Amino acid sequence: MLETLRRIVQDVSAAPDLPSALAITVNRIRDAMRVAACTVYLADEDNREYVLMATAGLNPQAVGRVRLNRQQGLIGLVAERQEPLNLPDAPHHPRFHPVCEVCEESYHAFLGVPLIQYRRVLGVLIIQDTATRQFQPAEVDFLVTIAAQLASTLNHAILSGATQELLNPLITGNRALQGVAGAPGVAIGTVTIPHLLADLDDVPDRPATDPAAEIAAFQAAIAAVEQELRAASDRLAPLLPPTEQALFTVYRMMLSSDSLLTDTRTRMEAGCWAPAAWRDAIQSRIRLLEQAEDPYLSARAEDIRDLGRRVLNHLRAGPAQLPELAAEHCILVAEEMSVAHLAAVPPDRLAGIVCLRGSALSHVALLARAMGIPAVMGLGDRPLGRFEGSSIIVDGYQGRVYLNPDPALREEYQQLLAAEAELTVELQELRNLPAITCDGHRIPLYVKAGLLTDIAAAQDCGAEGVGLYRTEFAFMVRESFPSEDEQCDIYRQMLASFTPQPVVMRTLDIGGDKTLPYFKIEENNPFLGWRGMRFTLDHPDLFLTQLRAMLRANAGLNNLRILFPMITTVEEVDEALRLLERAHQELQEEGWPAARPEVGVMIEIPSAVWQAGQLARRVDFLSVGTNDLTQYMLAVDRDNARVAGLYDNLHPAMLKAITHIIAEGHQAERPVNLCGEMAADPGAAVLLLGMGVDSLSAGTVSVPRVKWAIRSFTLDGARNLAQQAMTLDTTAQVRRLINDALRQAGLGEIVRESA
Ligand code: PEP
Ligand code: MG
């Protein structure tokens with residue numbers, strides 16, 4: 001049996017794609033176990049169904065067509081129980097569900113085992129026989145062992161998107177694609193693929209309107225790169241040793257390779273536009289080379305990739321121009337999205353964001369929230385690139401996306417949009433009113449911003465200043481570090497737009513998922529690596545430039561407050577303050593009328609929670625960054641959709657940590673602000689008010705909602721809520737408590753059912 005198992009596993013791993021792997025599995029199992037049929041059902045999580053995906057013995061026409069809902073039949077039972085089900089006479093079992101396409105009535109013996117990986121049931125593997133008999137323990141063990149192997153193969157296929165393509169080849173209509181709620185709101189628009197073709201992976205699928213023009217553009221690009229390589233080789237010839245010079249010859253040979261050119265041409269003739277035809281031809285060669293065991297050959301994959309980029313660069317500039325963004329309501333769809341992608345679309349056309357990777361706490365999601373744009377994250381690998389120009393609904397509350405929705409569903413969402421707009425208009429009435437409880441306790445409510453484009457919305461939302469301006473976003477949309485003057489201009493605009501209201505500017509917080517295109521940081525654990533203050537203290541040149549730019553921008557306005565991110569130790573604060581002092585002194589010596597602004601420290605790392613008192617005494621205020629604090633407290637990567645279910649800032653441990661920070665801050669007579677996303681959740685905001693926080697910072701869309709919540713409670717009511725919350729054991733209990741309180745206060749419309 002072991003040998004049979006080894007051979008099956010070997011053959012399955014050598015299969016070129018998932019359908020072949022499944023077909024090999026069922027055929028080989030049926031033969032090895034000498035049974036009448038072997039079948040695999042896969043879970044379609046979007047639609048809560050099990051789909052028959054491969055069979056040896058049942059009607060082959062049923063493949064991809066038979067769909068059972070989760071409660072149906074013995075398949076549902078195996079998945080539900082998550083253990084093998086061994087029945088001598090299946091048709092007599094009360095859960096047996098006859099399916100006419102497969103005519104299983106003549107099969108009596110049934111053995112089903114679940115395919116489980118990381119606690120998720122990915123499908124069910126079954127064998128059936130005509131005799132009425134119980135399968136032997138050795139047979140059960142064999143099937144269970146194969147199932148474990150198959151589950152791991154399937155998991156890879158899920159991660160690579162292969163199962164999605166198989167289960168939902170069209171993925172359109174009213175079938176929801178489930179992701180993670182990124183930024184609240186609903187949007188209806190047109191799939192728009194960002195046009196930053198910097199890399200082959202960024203090239204969207206798109207049909208060629210004029211194949212002859214595409215071919216001509218492609219030939220011109222190849223000729224241009226050839227010319228470029230020849231010139232480079234001539235230029236460098238005297239400087240390079242012969243071995244290195246040979247590289248140019250290799251490149252030119254690759255570029256003139258008949259098979260590469262013909263392959264690309266065939267794809268264009270079949271109707272594909274040049275960049276995608278080139279991408280596919282290059283990527284198929286990269287894959288082959290990467291699989292090679294010879295290290296010389298596998299290293300050539302990088303050369304091919306580089307060549308691919310060079311040609312792509314010319315294609316971008318050539319006649320194969322990218323179409324203008326035609327849609328009025330663009331829904332940007334990309335695998336990973338950078339701030340540059342967002343900035344490439346005019347803000348008045350950007351209606352929604354769909355990102356295949358990332359989670360609610362990825363910085364793109366935060367930016368989307370700050371800009372009031374609905375977003376769905378972490379959809380997984382789906383071939384959405386093919387749907388450019390299709391109609392799409394983004395449901396940022398439930399983390400769902402619908403491609404080419406039918407008119408009834410569209411209408412339903414139109415109504416939701418209208419209700420949303422109505423609530424927003426109603427809440428506009430609160431614009432000029434303070435965030436004050438029914439019994440007169442006032443709490444400053446600030447807005448968060450990241451780009452200058454946010455200014456108008458931020459000014460209009462009824463906040464009392466900016467509680468967090470993330471300066472790194474201005475760095476992320478450029479091609480090099482901005483100079484002191486450039487930074488000063490940006491900061492000045494921000495400060496001038498809000499004066500005399502305060503603007504809290506956070507010093508550069510890159511690292512983690514915020515990388516600069518011109519300063520890549522490659523690390524195994526970027527969230528535990530060179531982030532925020534750790535980076536800037538290692539680059540005092542960049543830090544001093546930024547501090548000088550901030551202080552200069554503040555001259556005569558005096559509404560600047562500076563905030564240091566990612567503080568782990570008191571020494572970091574001492575050093576950052578020393579550099580601030582130096583920048584201040586330098587400017588004074590240069591004759592700038594620079595006032596010394598208030599300075600704060602972000603508490604977003606557990607070590608800072610437990611030293612909040614010592615940190616507070618060194619500065620003027622604390623600001624709690626619950627986005628990172630939750631990530632580090634719960635050990636949940638804020639950017640990983642797979643563990644997004646665990647990420648919740650209402651975790652009782654978080655409530656205890658925040659209470660501690662507030663107490664320490666107050667003991668040191670320093671105010672405590674909260675600028676994480678928790679402050680944007682109206683229920684949580686009331687809870688934080690009751691816990692004693694001094695001010696809150698939320699996104700533009702959330703400010704009116706949070707204000708409404710605060711104005712609907714008394715301070716005593718909020719304190720009571722906080723006291724009750726502190727006695728609870730689970731996040732779900734805290735969420736329920738808050739939701740009940742919101743409903744009782746008449747705020748049912750903004751209740752968040754889950755975190
Ligand atoms: C936080 O961590 O809560 C925070 C506000 O900072 P960012 O989300 O930018 O890391
Ligand atoms: Mg943070």
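In this text, all values refer to a predicted model and were calculated from it rather than measured experimentally. Excluded from the calculations below are hydrogen atoms, water molecules and symmetry mates; all remaining heavy atoms, backbone and side chain alike, are included. Order of listing sets the numbers, starting from 1, for every ligand and every atom in it.
Taking only nitrogen or oxygen atoms, main chain and side chain alike, E472 does not reach within less than 3.5 Å of ligand 1.
Side chain of K448 to backbone of Y469: no donor-acceptor contact under 3.5 angstrom is found.
With hydrogens left out, the protein atom closest to atom 7 (P) of ligand 1 is H363 NE2, 3.5 Å, a heavy atom. Of all protein heavy atoms, the one lying nearest to atom 6 (O) of ligand 1 is R506 NH1, 2.9 Å.
Using a 4.0 Å cut-off to heavy atoms of M602, the atoms of ligand 1 that qualify are 4 (C), 5 (C). For ligand 1 and L468, the ligand atoms under 4.0 Å from any heavy atom of the residue are 5 (C). Annotation for ligand 1: atoms under 4.0 Å from non-hydrogen atoms of K514 are 9 (O). Close approach to E604 involves these atoms of ligand 1, each under 4.0 Å from a residue heavy atom: 1 (C), 2 (O), 6 (O). Those atoms of ligand 1 with a heavy atom of G676 less than 4.0 angstrom away are 3 (O).
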Pair R534, T568 - check side chain to side chain donor-acceptor pair (under 3.5 Å), show working.
CA-CA 9 Å; R534 302 169 185 184; T568 320; 3.1 Å; yes

Using the rule given for salt bridge (Lys or Arg N to Asp or Glu O under 4.0 Å), can you reason through D681 versus R735, listing the C-alpha separation, both sets of side-chain angles and the distance that settles it, and then say yes or no?
CA-CA 11 Å; D681 172 353; R735 172 70 60 197; 3.1 Å; yes

Please determine whether salt bridge (Lys or Arg N to Asp or Glu O under 4.0 Å) holds for the pair R470 and D509, giving the CA-CA distance in whole Å, both sets of side-chain angles, and the decisive distance to 0.1 Å.
CA-CA 8 Å; R470 292 180 166 106; D509 184 17; over 6 Å; no

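Under 4.0 angstrom from ligand 1, there are no non-hydrogen atoms of M678. Of the heavy atoms in E677, none comes closer than 4.0 Å to ligand 1. Using a 4.0 Å cut-off between heavy atoms, V624 makes no contact with ligand 1 at all.
Within 6.0 Å of atom CZ in R617, more than 12 heavy atoms from other residues, nucleotides or ligands are found, so the atom counts as buried in its surroundings. Shown here is Q667, whose CD atom has no more than 12 heavy atoms of other residues, nucleotides or ligands within 6.0 Å.
A salt bridge does not link D620 to R670: none of the charged nitrogens lies less than 4.0 Å from a carboxylate oxygen. For R492 and D489, the salt-bridge test fails: no basic side-chain N is under 4.0 Å from an acidic carboxylate O.
Any protein N/O/S atom under 2.8 Å from the Mg ion (ligand 2) was counted, giving 2 altogether.
Looking at heavy atoms from C-beta onward, N559 lies in side-chain contact with N554 at the 4.5 angstrom threshold. Between R548 and L587 there is a side-chain heavy-atom pair separated by less than 4.5 Å.
Ligand 1 does not have M566 within reach: every non-hydrogen atom of the residue lies 4.0 Å or more from it.
When all heavy atoms are compared, the tightest approach of I567 to I605 is O-CD1, 3.7 Å.
The ring of F535 has its center closer than 6.0 angstrom to the ring center of F519.
Comparing L674, I603, L629, N627 against atom 4 (C) of ligand 1, the shortest heavy-atom distance belongs to N627.
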